There are 2 protein chains.
Amino acid sequence: MAETATRGEQTRALILDTALRLFEEHGYERTTMRAIAAEAGVSVGNAYYYFDSKEHLIRAFYDHNAERHVAASRPVLDSERDLARRLRGVLRAWADVNAPYHEFAGAFFKTAADPHGPMSPFSRESAPTRAQVTEIYREVVAGSDTKIPPALRSELPNLLWLFNMGVVLYWVHDRSAGTAKTYELIDRTVPLVVRLIGLARFRVMRGVLDDLLDLIRSLSGAT
Amino acid sequence: MAETATRGEQTRALILDTALRLFEEHGYERTTMRAIAAEAGVSVGNAYYYFDSKEHLIRAFYDHNAERHVAASRPVLDSERDLARRLRGVLRAWADVNAPYHEFAGAFFKTAADPHGPMSPFSRESAPTRAQVTEIYREVVAGSDTKIPPALRSELPNLLWLFNMGVVLYWVHDRSAGTAKTYELIDRTVPLVVRLIGLARFRVMRGVLDDLLDLIRSLSGAT
DNA sequence: GTCTATAACACGATAGAC
DNA sequence: GTCTATCGTGTTATAGAC
């Protein structure tokens, strides 16, 4: 593609890369905008020219990693048909992609938690990136040979995205070496989730499931 | 009890009350420590003498509201035996108690999301308050006449506390008038939860449930 | 449109005197 | 316990250069 990015794009990328590196090295809070600008060899004003705020650097990082997550999910989506393997592969891909940033992910998570802020994963500004990731889970479901109750099928990608958010929640709190516990969480919850999906066929579960889906449809859009 | 609080306790309470009032009136971010100190008639340094940081004011608020939640849950716990009614009553009590602070709860939520920060509901510093609230859910279960599978019984209070956190997550994002949607969420999820607990008796569910409980025991304590 | 340099502002937080 | 003075940092403003 375009080997030659415009000068602005280059500067923007330089500032972002520098910021991410300093965040990795010294943490988010302890990295000042002045330090980022100095290390990148630009003025503070220039950094603010490309990023409206320090938090917007996190958003750029978030969008960037969502794309890497999509790419890292490609192999398993192209090679596996079993639902559990597909889901497990995509979640592990997420953890792999984000591993280098685990140290400062807390700060990222904190700004993401601001309910009406632009960084919230539920916000309008996050909609494009959210759609991009939800699309992975649509493909996880669509490309699987596992039988899925039709009532559940359309809502399932959104539920799996929510499940992904749950894994993120555990991950940011995970202090085990190499976030081993998060990988264990993925490996052990995925079979449970798939079994629950299978259980949805049974008469006794159908009542609960239908009510749940009905509830989700009626309450979505609180933000 | 002690009609005469020490001077320190009085000053502390004065600062806290003033802060909460200003948070309600102008929001958390827009209320400065200078404004709190000025309005309370003390110096900024004195405010910091009693509260290590602005966020610690939120912690004091959180502890205070946990106590009010316990008190507000008393009536339903003393009068109802049905599990669904008890659970519903306690959750609605939480929403009632926190209603006046919904506007600035987002800021509170944001600082609570910092994984290794002292405000995280999973942190060691939060353990006493968390225990206090979990105790409500232990009582919800213990005082109920609904049949609960023994395997589930001991872990259930913790799971219900987690469920409460889920309701909080929805609540902070809820922009409906009077957070009507949150009350709807409570009213409609509680029967589902209770039905799921009942389903735990069935053979097909037992496998999933046992694995889940096993997983929880093995992964708890990631923080 | 892209970038620099410098100063200034607001606010959370701290130091040290009394 | 309480105060005043001061610091560090995110952010903005100004005034311009290429």
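Chain identifiers are assigned alphabetically (A, B, ...) following the order of the sequence lines, protein sequences preceding nucleic acid strands; residue numbering begins at 1 within each chain. Computed from a predicted structure; not experimentally measured.
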In this structure, how many angstroms lie between the [atom2] atom of [N] and the [atom1] atom of [X], rounded?
X: E9(A); N: dG1(C); atom1: CD; atom2: C1'; value: 13 Å
X: L22(B); N: dG12(C); atom1: CG; atom2: C1'; value: 16 Å
X: Y28(A); N: dT9(D); atom1: OH; atom2: P; value: 14 Å
X: Y49(B); N: dT2(D); atom1: OH; atom2: C1'; value: 9 Å
X: E29(B); N: dG12(C); atom1: CD; atom2: C1'; value: 12 Å
X: I36(B); N: dA13(C); atom1: CD1; atom2: C1'; value: 13 Å
X: Y50(A); N: dT11(D); atom1: OH; atom2: P; value: 19 Å
X: E55(A); N: dG10(D); atom1: CD; atom2: C1'; value: 11 Å

- List the steps, then state whether salt bridge (Lys or Arg N to Asp or Glu O under 4.0 Å) holds for R74(B) with E139(B). CA-CA 10 Å; R74(B) 199 71 266 146; E139(B) 202 177 332; 2.3 Å; yes
- T31(A) near the nucleic acid: base, sugar-phosphate alone, or nothing, with a heavy-atom cut-off under 4.0 Å? sugar-phosphate
- Sugar-phosphate only, base, or nothing, as touched by Y48(A) at under 4.0 Å among non-hydrogen atoms: base
So, OP1 or OP2 of [N]: does either fall under 4.0 Å of a side-chain N or O from [X]?
X: R7(B); N: dT2(D); answer: yes
X: T11(A); N: dC3(C); answer: yes
X: N46(B); N: dC3(D); answer: yes

- Message: Tell me if the aromatic rings of Y62(B) and F108(B) count as close, with their centers under 6.0 Å from one another.
- Response: yes
- Query: Can you tell if the side chain of E135(B) reaches within under 4.5 Å of the side chain of R138(B), non-hydrogen atoms only?
  - Reply: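 Of all side-chain heavy-atom pairs linking R138(B) with E135(B), at least one is under 4.5 Å.
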- Task: Would you mind telling me which residue lines up with the more 5' stretch of DNA chain C, M33(B) or R34(A), judged by nearest nucleotide?
- Result: R34(A)
- Message: Within a 6.0 Å radius of atom NE2 on H56(B), are there more than 12 heavy atoms belonging to other residues, nucleotides or ligands?
- Response: yes
- Task: Counting heavy atoms from C-beta on, name the nucleotide in dT2(D), dT11(D), dG12(C) closest to the side chain of S43(B).
- Result: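 Nearest nucleotide to the side chain: dT2(D).
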- Message: Could you tell me if K54(A) sits above the aromatic ring of Y28(A), with its cationic atom closer than 6.0 Å to the ring centre and no more than 45 degrees from the axis?
- Response: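 Flagged: K54(A) positioned over aromatic ring of Y28(A).
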